[in-house]
Protein chains: 2
Amino acid sequence: MKIAPEELLRQHNLSLTAVRLALLEALHANPHSDAARIFDVVHNKIAAASKQAIYNNLNTLVECGIVREIKPKGQASLYETRTGDNHHHIVCRSCAGVFDTDCHDCAPCLTPKDSHGFVIDEAEVIFWGVCPSCQNNHNSKGKNNAEC
Amino acid sequence: MKIAPEELLRQHNLSLTAVRLALLEALHANPHSDAARIFDVVHNKIAAASKQAIYNNLNTLVECGIVREIKPKGQASLYETRTGDNHHHIVCRSCAGVFDTDCHDCAPCLTPKDSHGFVIDEAEVIFWGVCPSCQNNHNSKGKNNAEC
DNA sequence: TTAAAAATTTTGAATCAATCAAAATTATTT
DNA sequence: AAATAATTTTGATTGATTCAAAATTTTTAA
């Protein structure tokens, strides 16, 4: 987020409310958080803050493009303030940790083999794998292969 | 799905139950369905079928790799029987329709700019855009730009 | 500066998607 | 055919999210 949150909100004709500003600050400090985590952080700062306001604001801010939503399998929706650069994500299959990785190109950075007549505007990429921490845990504890 | 469902289940040491077979058939006929839709189709065939069994089976079949789960934003989890070929998806921002598109390569077909020490095994790609139907609807009804 | 209007928050309820767990039933193995 | 294991059914519950009315806050206009 390169400009002040207040200015960003003004540019989108959104009121500068305490909850909204606290949410943006919380999300800037804790990227890839879900609504419950954001609520916890905001609630520590504003005791009267409600979960409903968090959901309302997340929906509004995503709609405006101020906040980005991602939805990895196995997790609730996650949010981040890093927007506009078409970056991608890496998610650990073991600990569910989420990390950013820059994109090579502008959106859409890829084209489908068959676009089915779609006008494509974005290629959302999630890389799945195992993070260094979980690789170390896995090796030191021996393999726990799920039989299937 | 190139081999018979019965054989596939046997290969994975799974019982051949009526609900399970009906689910696979329903999903083969209706790819990219959510659990509710799958339940509707199965329920038409087996009146006593329960939603719990649908969820249990989906979880089991996804874990075995017989069924694939995708989770586009704004929708519940969707499922499909087309597995093992690392294909990608195109989702319409307007009608939420989901379509397959072949992958250029084997998994992982892409590499992140910075892998953060991860061992990457898959690049999940969702192309977002507007489908031909919704493009036509949009144009004939005039633009409804959301101010934001 | 004050009042009005609009936006947002709070509050409590509800819905949706999915899970939990015990009992019953079905499929497989012996 | 009986025993065992897997699965389904049933009803309850949880987590994630939405709904809606009333209250409060922010912005705008006078």
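Owing to the predicted nature of the structure, the values given are computational and were not obtained by experimental measurement. Computation of the quantities below employed the complete heavy-atom set of this structure, encompassing side-chain atoms and omitting hydrogens, waters and symmetry-equivalent molecules. All chains are named by letter (A, B, ...) in the order of the sequence lines, taking the proteins before the strands, and each is independently numbered beginning at 1.
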| Listed by chain and number, what are the ring pair (Phe, Tyr, Trp, His ring centres under 6.0 Å) partners of B:H32, not counting sequence neighbours? | B:H89
| Test ring pair (Phe, Tyr, Trp, His ring centres under 6.0 Å) applied to A:F99 - qualifying residues, sequence neighbours left out | B:H116, B:F118
| message | If I take atom CD in residue A:E6 and atom P in nucleotide D:dT26, what distance separates them, rounded to the nearest angstrom? | response | 13 Å
| task | Establish, with yes or no, whether the OP1 or OP2 oxygen of D:dT18 is under 4.0 angstrom from a side-chain nitrogen or oxygen of A:N59. | result | yes
| salt bridge (charged side-chain N to carboxylate O under 4.0 Å, His left out) partners for A:D40, two or more places apart | none
| said: Test your reading of the model: is there a side-chain donor-acceptor pair from B:E80 to the backbone of B:D100, 3.5 Å cut-off? | reply: no
| message | Tell me which pairs pass salt bridge (charged side-chain N to carboxylate O under 4.0 Å, His left out) where either residue lies in residues 15-28 of chain B, with sequence neighbours left out. | response | B:E25-B:K45
| task | List in chain and number order the residues that pass ring pair (Phe, Tyr, Trp, His ring centres under 6.0 Å) with B:H104, two or more places apart in sequence or in another chain; answer none if no residue qualifies. | result | none
| said: Under the rule for salt bridge (charged side-chain N to carboxylate O under 4.0 Å, His left out), what residues qualify as partners of B:D121, not counting sequence neighbours? | reply: A:R93
| said: Measure CZ/A:R10 against P/D:dT27 and give the value in whole Å, please. | reply: 8 Å
| task | Among Ile, Leu, Val, Met, Phe, Trp and Tyr joined by side-chain contacts under 4.5 Å, find the other residues sharing a cluster with B:V130 and list them by chain and number. | result | none
| message | Near DNA chain C, counting only heavy atoms under 4.0 Å, which residues of residues 36-54 of chain A show up? | response | A:A48, A:A49, A:S50, A:Q52, A:A53
| Along DNA chain C, first and last positions that approach a heavy atom of chain A under 4.0 Å | C:dA7 to C:dG12
| query | Pick the nucleotide of DNA chain C nearest each of A:R20 and B:D34; which residue has the one closer to the 5' end? | reply | A:R20
| message | Between B:L16 and B:A76, which residue's closest nucleotide on DNA chain C lies nearer the 5′ terminus? | response | B:A76
| Who else is in B:V41's hydrophobic cluster (ILVMFWY, side-chain heavy atoms under 4.5 Å, direct or via others)? | none
| field | Residue list, salt bridge (charged side-chain N to carboxylate O under 4.0 Å, His left out) with A:D102, at least two apart or on another chain | value | A:R82
| request: Please state whether the phosphate of D:dT27, meaning OP1 or OP2, lies under 4.0 angstrom from any side-chain nitrogen or oxygen of A:S15. | output: no
| Does any N or O in the side chain of A:E69 come within less than 3.5 Å of the main-chain N or O of A:S77, such that one atom is a donor and the other an acceptor? | no
| task | Represent DNA chain C in dot-bracket notation, 5' to 3'. Only Watson-Crick or G-U wobble pairs with both distances under 3.5 Å count; pseudoknot-style crossings use [ ] and interstrand partners use |. | result | ||||||||||||||||||||||||||||||
| Can you check the A:N57 CG to D:dT26 P distance for me, whole Å? | 13 Å
| task | Measure the distance from NZ on A:K71 to C1' on D:dG15 and round it to the nearest whole Å. | result | 13 Å
